[in-house]
Amino acid sequence: MAVTGDETESAATGDLPAYQLRSPNSSLAQSIVMAASPGAMQSPSSQHAEEITRKREVRLMKNREAARECRRKKKEYVKCLENRVAVLENQNKTLIEELKALKDIYCHKAE
DNA sequence: AATGCTGTACGTCAGTGAGG
DNA sequence: CCTCACTGACGTACAGCATT
């Protein structure tokens, strides 16, 4: 199992995760620029645009965390299944041995 | 050392079902 | 009908390993 560098990446690049550094014209980067720019008076249409951008960011952030959680749950589920396989394989082995022993007893009686 | 391959984690988009 | 959370699919970045 390879350990990825993704979790150590933010340490290597300051404190921003890689996905925030990658695309220079992402909506996030744009919105940061928008928020930082000293736009004093804003027209209703630009306010509306900003609201849309903000909503999008919130949605993306929520979805990002949902995806993380979803993957975590999936990994846990797979681990459970693997455990179950191991248990069932052991049970199967035990039952096969038990059957073999019973067959032996039966054969000796028949003689 | 350079390069290609593989596995892992991530973010985003699009589709879907549940609840209000 | 709308909104929200969940999830599969896709593309991307990166690390580690093998080969040249």
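Per chain, numbering begins at 1; letters A, B, ... match sequence-line order.
Closest to the side chain of A:Leu60, from the set B:dC13, C:dA5, C:dT7, is B:dC13. Distance from the side chain of A:Arg64 is smallest for B:dG11 among the nucleotides C:dT7, B:dG11, C:dA5. Ranking C:dT7, B:dC10, B:dA9 by closeness to the A:Lys75 side chain, first place goes to B:dA9. Among the nucleotides C:dT7, B:dC13, B:dG11, the one closest to the side chain of A:Cys70 is C:dT7.
If you take CZ of A:Arg56 and C1' of B:dG11, they are 11 Å apart, rounded to a whole angstrom. Computed from coordinates, the A:Arg59 CZ to C:dT7 P distance equals 18 Å when rounded to whole Å. Rounded to an integer number of Å, the gap from A:Tyr77 OH to C:dC6 C1' is 16 Å. When the P atom of B:dT12 is taken as reference, atom NZ of A:Lys62 falls 15 Å away, rounded to whole Å. The distance between atom CG of A:Asn63 and atom C1' of B:dT16, rounded to the nearest whole Å, is 14 Å. Residue A:Arg68 contributes atom CZ, which lies 9 Å from atom C1' of B:dG11 at whole-angstrom precision. In this structure, CD of A:Glu65 is placed 18 Å from P of B:dA9, rounded to the nearest angstrom.
In summary, of the residues considered (A:Lys74, A:Lys73, A:Arg72, A:Lys79), a side-chain hydrogen bond (donor to acceptor under 3.5 Å, both in side chains) with A:Glu76 occurs for A:Arg72 alone. Of the candidates A:Arg68, A:Glu69, A:Lys62, A:Arg68 is the only one forming a side-chain contact (heavy atoms from CB on, under 4.5 Å) with A:Glu65.
The distance from the CZ atom of A:Arg84 to the CD atom of A:Gln91 is 8.0 Å, given to the nearest 0.5 Å. Atom CZ of A:Arg54 is separated from atom CD of A:Gln47 by 12.5 Å, given to the nearest 0.5 angstrom.
Using a 4.0 Å cut-off, no side-chain N or O of A:Arg71 falls inside it from OP1 or OP2 of B:dC10. Residue A:Lys74 places none of its side-chain N or O atoms closer than 4.0 Å to OP1 or OP2 of C:dC6.
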